[in-house]
Amino acid sequence: MPTFHAPRGTRDLLPAERASFDRLSAIAADLSRRYGYAGIETPMFEQTAVFERGVGAVTDIVEKELFRIQPRTDEAESWSLRPEGTAGVVRAYVQHGLRTWPQPVRVQYVGPMFRYDRPQAGRYRQFWQWDVEAIGDAGPGIDAEIVELGHRFYTEAGLSDVRVLLNSIGDPTCRPPYIERLTTYFERHRATLPDLEQARLRTNPLRLLDSKDPDMAALIADAPRIVDHLCDACRAHFDAVCEHLDALAVPVRIEPSLVRGLDYYTRTAFEYYREGAEGQQQALGGGGRYDGLVELLGGRPTPGIGFALGLDRVVLALAEAGAERARPARPAAFVASAEAGDTVERLRIATQLRRAGVSARADLGGRKLGRQLEQASREDAHFAVILGDELREGTVQLRDLRAGTQHPVPLTDLAREILRDEASHRHG
RNA sequence: GUGGCCUUAGCUCAAUCGGCAGAGCAUCGGAUUGUGGAUCCGACGGUUGCGGGUUCAAGUCCCGCAGGCCACCCCA
């Protein structure tokens with residue numbers, strides 16, 4: 001029994017699972033290239049105030065889920081591991097004067113986020129997100145581009161049944177009057193509200209809208225909907241976003257009760273969820289517009305929009321959907337030898353292949369030839385390069401492990417022949 | 001942070017009423033020493049999650065802790 005174990009809510013990604021993440025990262029990278037989003041990297045921890053100001057001091061994420069770093073001294077700054085990515089990116093946007101770049105600034109990144117909450121399947125204290133941000137464009141077109149990009153990711157990852165929940169949560173002009181109206185509505189029914197909901201009525205009335213309490217369903221259905229109380233500017237923006245998405249054939253469902261857990265969202269809010277998924281962890285990703293955030297973090301008033309997709313949940317969803325698992329790369333060639341103790345030759349030939357661009361493994365242990373070929377087969381190598389007496393004439397046996405055939409090849413032609421055959425297999 | 005269920009070898013699981021901790025898979029090795037994912041044989045592998053208690057005796061009963069899962073809270 002090991003003495004140590006990975007911290008609660010974290011886990012080790014062994015090569016098989018890591019391969020799934022690599023595959024998703026590759027899809028994200030390719031989409032980023034096609035859509036024109038450049039890579040960015042910000043620290044995994046920031047001054048705690050960045051999150052308190054950016055995410056919102058009274059949100060659950062900051063109030064009870066923040067991973068605070070124990071300060072070294074009384075004078076030390078308070079640091080926290082990032083619970084999400086947008087605040088750090090916006091901090092960087094302000095710090096480096098990215099407002100002087102062509103707007104909007106389109107950036108994206110894959111990385112771990114940290115939240116101190118109770119772990120469950122698909123919910124971890126360290127989890128991975130692909131985050132995409134477009135900062136500096138207030139128009140509805142960029143909203144549609146972002147929403148469609150996120151949806152496209154799921155499609156290319158192999159999840160064909162992901163839909164978009166879309167809502168507008170207004171802006172500082174129209175949201176306060178709406179919240180007032182909503183509060184008045186629920187106040188009228190205060191006596192019938194469960195305790196938890198009564199408390200929320202004071203702290204965050206919008207949250208009542210996505211209560212899971214079945215007793216609330218009827219009340220919520222009759223509640224005033226924010227989409228009916230948007231100001232003219234927000235209304236026009238929302239309609240335009242819908243129109244753009246319609247033109248892109250993105251499967252969108254307007255969800256008037258969708259509110260999101262971060263304070264900085266304005267207008268467009270969206271979530272990706274899987275049709276028919278069981279359990280509570282069916283939110284695969286989400287995002288929204290954050291027109292006040294740059295200013296909150298010390299910059300000039302600047303609009304922005306972005307999303308975060310949970311890679312852990314995509315991996316889980318793919319497994320549930322019965323998708324074929326990604327696998328670690330397999331070698332083109334496996335160098336085996338009939339001679340015991342000639343690791344110098346084995347390594348020399350493997351290295352020659354590697355320098356020529358061939359992925360090659362070699363048995364450097366004491367297995368006898370039969371065992372080495374067994375190993376090569378199980379590692380799914382395409383070729384075995386077998387070293388024997390012919391090596392004195394500069395020749396090895398090249399065995400095609402799939403076809404079960406072999407022939408002698410001069411060392412000088414070895415890499416070229418393997419590469420040629422690999423290429424023809426890729427195309428055929 | 002609240003409530004519930006669970007934890008035996010690397011993995012999946014057995015172990016009768018409280019009575020000597022096992023199997024399959026995996027790993028490593030062997031089956032007359034230059035050719036394969038099969039088969040057969042063998043080896044390795046455990047403080048039964050950790051700590052305490054009850055008992056002649058605890059994997060089994062009791063308590064605490066840790067971890068996993070489920071439902072909340074919330075979210076990706």
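What's counted below: heavy atoms across the whole structure, side chains too, no hydrogens, waters or symmetry copies. Every chain is numbered from 1, with letters handed out A, B, ... down the list of sequences.
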Q. Distance between the P atoms of B/rG46 and B/rU32, in whole angstroms?
A. 32 Å

Q.
For the C1' atoms, the ones on B/rA26 and on B/rG45, what distance do you get once it is rounded to whole angstrom?
A. 11 Å

Please classify the nucleic acid contact of [X] as base, sugar-phosphate, or nothing, using heavy-atom distances under 4.0 Å.
X	value
A/Arg8	sugar-phosphate
A/Leu401	base
A/Gly366	nothing
A/Asp389	base
A/Gly370	sugar-phosphate
A/Lys368	sugar-phosphate

Output side-chain donor-acceptor pairs under 3.5 Å for residues 410-421 of chain A, partner residues at least two apart or in another chain, one line each.
unit_1: A/Glu417; atom_1: OE2; unit_2: A/His407; atom_2: NE2; d: 2.7
unit_1: A/Asp421; atom_1: OD1; unit_2: A/His425; atom_2: ND1; d: 3.1

Tell me the interatomic distance from [X], atom [atom1], to [N], atom [atom2], rounded to whole angstroms.
X	N	atom1	atom2	answer
A/Asp312	B/rG68	CG	P	14 Å
A/Tyr109	B/rA76	OH	P	12 Å
A/Arg125	B/rG1	CZ	C1'	11 Å
A/Gln120	B/rG1	CD	P	15 Å
A/Glu17	B/rC11	CD	C1'	15 Å
A/Gln372	B/rC28	CD	C1'	15 Å
A/Arg361	B/rG36	CZ	P	20 Å
A/Asp117	B/rC70	CG	P	13 Å

Quick one: look up who [N] pairs with, Watson-Crick or G-U, both distances under 3.5 Å, and put none if it's unpaired.
N	answer
B/rG29	B/rC41
B/rU48	none
B/rA23	B/rU12
B/rU7	B/rA66
B/rA58	none
B/rG1	B/rC72
B/rC17	none

Q. Is any side-chain nitrogen or oxygen of A/Arg399 closer than 4.0 Å to OP1 or OP2 of B/rU35?
A. no

Q.
So, OP1 or OP2 of B/rG30: does either fall under 4.0 Å of a side-chain N or O from A/Arg367?
A. no

Indicate, yes or no, whether a donor-acceptor pair under 3.5 Å links the base of [N] to the side chain of [X].
X	N	answer
A/Ser377	B/rG36	yes
A/Gln397	B/rU35	no
A/Glu390	B/rG34	yes

Q | Presence of salt bridge, A/Arg53 and A/Glu46, under 4.0 angstrom | A |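 No, this pair does not count.
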
Q) So, A/His237 and A/Asp171: side-chain donor and acceptor under 3.5 Å apart, yes or no? A)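 No, because no side-chain N or O of A/His237 sits under 3.5 Å from a partner of the opposite role on A/Asp171.
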
Q.
Aromatic contact between A/Phe114 and A/Tyr116, with the criterion being ring centroids under 6.0 Å apart: yes or no?
A. no

(Q) Can you work out whether A/Tyr116 or A/Gln406 has the more 5'-proximal nearest nucleotide on RNA chain B? (A)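 With A/Tyr116 and A/Gln406 compared, the 5'-side residue is A/Tyr116.
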
(Q) Nearest heavy atom decides the nucleotide; on that basis, is A/Arg371 or A/Ala381 closer to the 5' end of RNA chain B? (A)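 Closest to the 5' end, via its nearest nucleotide, is A/Arg371.
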
Give me, pair by pair, the N or O atoms of the protein and of nucleotides 3-5 of chain B that are less than 3.5 Å apart, along with how far apart they are.
unit_1: B/rG3; atom_1: O6; unit_2: A/Arg118; atom_2: NH2; d: 3.0

